[in-house]
Amino acid sequence: MKPRTLFVTGGARSGKSSHALAEAEKSGLSPVFIATAQAGDPEMAARIDRHRGERGPQWTTIECPVALADLIAEQADPSRILLIDCLTLWTSNLMFGGYDIAAETARLAAAIEQAKGPMILVTNEVGLGIVPDNALSREFRDAAGRVNQAVAAACSEAVMIVSGLLLRLK
Amino acid sequence: MKPRTLFVTGGARSGKSSHALAEAEKSGLSPVFIATAQAGDPEMAARIDRHRGERGPQWTTIECPVALADLIAEQADPSRILLIDCLTLWTSNLMFGGYDIAAETARLAAAIEQAKGPMILVTNEVGLGIVPDNALSREFRDAAGRVNQAVAAACSEAVMIVSGLLLRLK
Amino acid sequence: MKPRTLFVTGGARSGKSSHALAEAEKSGLSPVFIATAQAGDPEMAARIDRHRGERGPQWTTIECPVALADLIAEQADPSRILLIDCLTLWTSNLMFGGYDIAAETARLAAAIEQAKGPMILVTNEVGLGIVPDNALSREFRDAAGRVNQAVAAACSEAVMIVSGLLLRLK
């Protein structure tokens with residue numbers, strides 16, 4: 001039987017990361033937090049520190065801005081649960097690093113489907129506002145949407161969190 | 001038994017306020033509209049006037065930009081239904097007034113849980129677009145999301161309105 | 001019995017157009033793509049070309065930036081399925097063309113309700129981000145929301161697509 005792979009999407013401050021944390025802790029497995037964030041500016045550094053403080057001492061943290069497919073292949077294991085937070089920053093890291101986003105997304109989806117242990121992947125919905133007035137934001141929005149579609153398709157379960165509450169997508 | 005407390009969220013022009021009005025009128029109770037909007041500019045004044053015109057003569061209107069917890073304690077009653085519209089403007093009023101948003105939100109959640117009569121609270125989802133490019137908008141978006149999570153948790157029911165139709169959250 | 005009229009909403013790159021295409025092709029009827037897009041700039045022209053390439057040779061394409069109600073009256077037929085993509089661009093075309101959006105929306109809703117054949121209408125949710133800082137964007141967002149409410153009410157079924165997955169609205 002395939003391990004559980006849970007896709008958690010939602011808006012900013014919707015409670016999606018808290019939901020993912022709670023699901024990971026409920027599993028009883030050894031939790032590994034895989035952070036795609038990079039502390040590039042003081043606002044982001046403060047956010048990363050606050051989030052790290054919210055997790056208990058049982059958590060291991062690995063920073064992984066780009067190479068998620070390889071990390072999943074190495075780290076996924078029936079005794080552990082991986083929490084990858086978040087795919088939107090990963091998409092941004094790929095875009096600003098000049099990577100082939102479609103190819104990296106296909107590698108990530110394959111890694112999820114072949115993973116030897118469970119994982120939770122957190123992402124953001126960013127396409128439900130007014131069309132952004134600059135081309136780079138539109139390109140990012142399209143890229144983030146394509147990543148979400150591919151990863152949601154690869155996962156065994158998917159939910160959307162709205163105001164801290166759950167809508168089941170699959 | 002606790003009175004019904006209904007959280008109604010959704011996007012701009014999604015039909016959330018109409019849904020809330022219809023639910024209030026179906027209750028058969030004496031309806032009280034609690035407006036958090038302040039007529040600070042002509043666009044907002046026109047919007048307030050249009051909304052007031054859409055409600056029937058059975059409605060009482062109370063303006064309450066900030067002190068919602070106290071107003072609920074005073075006004076909630078089994079013979080009345082309160083319609084509070086909306087929490088997003090309330091959050092904005094707190095933020096621009098320099099209030100402690102976390103403390104005020106905790107007071108509001110407690111007032112909802114202890115209310116002696118039913119109420120409907122309308123809010124907006126504002127975190128599902130692209131990340132805003134100014135820090136104040138990001139701060140507001142985070143604050144609005146935290147308010148939504150806390151109030152949805154305190155209510156007995158929650159729905160999201162999309163294109164005039166209902167998704168049940170709890 | 002009334003023909004099936006399906007309303008498909010979602011964010012940018014949510015997979016809503018792919019879902020609509022798949023539903024149209026599953027029907028076994030002769031598919032007609034009704035494009036509201038106009039190739040006014042190179043970015044949009046490229047997007048239109050890419051979308052056209054994604055559809056198979058069995059598709060007929062009709063460009064219809066504004067007169068959807070008349071086109072539905074002419075084209076809807078039990079042997080065909082119409083796919084109208086999308087109502088958000090239609091709203092934009094009405095707004096920039098100086099049309100009476102409320103009147104055109106009422107005509108469109110009536111045409112859907114009286115249609116002699118099935119159709120799928122694709123639209124965008126644009127009201128779930130932060131309030132836009134210019135009045136024209138706010139006006140457009142309100143118009144798009146009202147169109148969505150009216151058309152969703154006129155259709156026999158409605159779904160929202162999130163990360164390629166389906167939430168049923170009715």
Side-chain angles (χ1 to χ4, degrees), chain A residues 5-14 16 86-88 91 95 101-102 105 109 112 121-163 165-170, chain C residues 9-19 21-22 37 40-47 50-51 54 86-89 91-93 95-96 122-145 148 159-169:
Chain A
T5 49
L6 172 63
F7 176 86
V8 179
T9 191
R13 288 284 140 192
S14 62
K16 57 195 189 306
C86 71
L87 296 178
T88 314
T91 306
M95 199 165 137
I101 301 180
T105 303
I112 294 167
L121 299 110
V122 176
T123 193
N124 288 263
E125 291 300 319
V126 299
L128 292 145
I130 210 81
V131 179
D133 57 12
N134 70 82
L136 190 65
S137 288
R138 290 195 296 276
E139 192 191 330
F140 174 67
R141 190 170 79 142
D142 284 356
R146 284 194 203 97
V147 166
N148 283 354
Q149 286 189 52
V151 175
C155 285
S156 64
E157 291 180 45
V159 300
M160 181 176 182
I161 306 298
V162 176
S163 295
L165 302 170
L166 186 149
L167 288 168
R168 183 156 295 274
L169 298 171
K170 85 170 184 183
Chain C
T9 190
R13 287 285 140 192
S14 62
K16 57 195 188 307
S17 292
S18 302
H19 178 77
L21 274 183
D41 63 75
E43 186 179 336
M44 185 56 83
R47 194 173 272 243
R50 194 179 60 241
H51 286 169
E54 286 165 11
C86 71
L87 297 178
T88 315
L89 280 170
T91 306
S92 173
N93 295 340
M95 198 165 139
F96 292 106
V122 176
T123 194
N124 287 262
E125 292 299 320
V126 298
L128 292 146
I130 210 81
V131 178
D133 58 11
N134 71 82
L136 189 65
S137 289
R138 290 195 296 277
E139 194 191 328
F140 173 67
R141 191 169 79 139
D142 285 357
N148 283 354
V159 299
M160 181 177 183
I161 307 297
V162 176
S163 295
L165 302 169
L166 185 150
L167 288 167
R168 182 155 296 273
L169 297 170

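Order of the sequence lines fixes the chain letters, A, B, ..., with proteins taken first and strands second; residue numbering starts at 1 for each chain.
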Which pair of non-hydrogen atoms, one from [X] and one from [Y], has the smallest distance, and what is that distance?
X        : Y        : result
A:Ala152 : C:Ser163 : CB-O, 3.4 Å
C:Ser137 : A:Ile130 : O-CD1, 3.8 Å
A:Gln149 : C:Arg13  : NE2-O, 2.9 Å
A:Arg141 : C:Ala12  : CZ-CB, 3.4 Å

Item checked: Heavy-atom pairs under 4.5 Å with chain C, option from A:Gly145, A:Gly127, A:Ala150, A:Ala135 with the top count ->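 Option with the top pair count is A:Gly127.
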Checklist line | Check against side chain to side chain contact (heavy atoms under 4.5 Å, CB included), C:Met160 and A:Leu128 | finding: CA-CA 11 Å; C:Met160 181 177 183; A:Leu128 292 145; 3.8 Å; yes
Notebook entry, point to check: When only pairs under 4.5 Å are counted, which of C:Thr9, C:Thr88, C:Leu165 shares the most heavy-atom pairs with chain A?
Noted result: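 Most heavy-atom pairs under 4.5 Å with chain A: C:Leu165.
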Notebook entry, point to check: Do A:Glu125 side-chain atoms and C:Val162 backbone N/O form a donor-acceptor pair below 3.5 Å?
Noted result: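 Answer holds: no.
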Notebook entry, point to check: Do the non-hydrogen side-chain atoms of A:Leu169 and C:Leu167 ever get within less than 4.5 Å of each other?
Noted result: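 Sidechains of C:Leu167 and A:Leu169: in contact.
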Next item on the list: Would you mind checking which part of A:Arg168 comes under 4.5 Å of any heavy atom in chain C, side chain (CB onward), backbone (N, CA, C, O), both or neither?
Entry: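 For A:Arg168, backbone heavy atoms alone lie under 4.5 Å from chain C.
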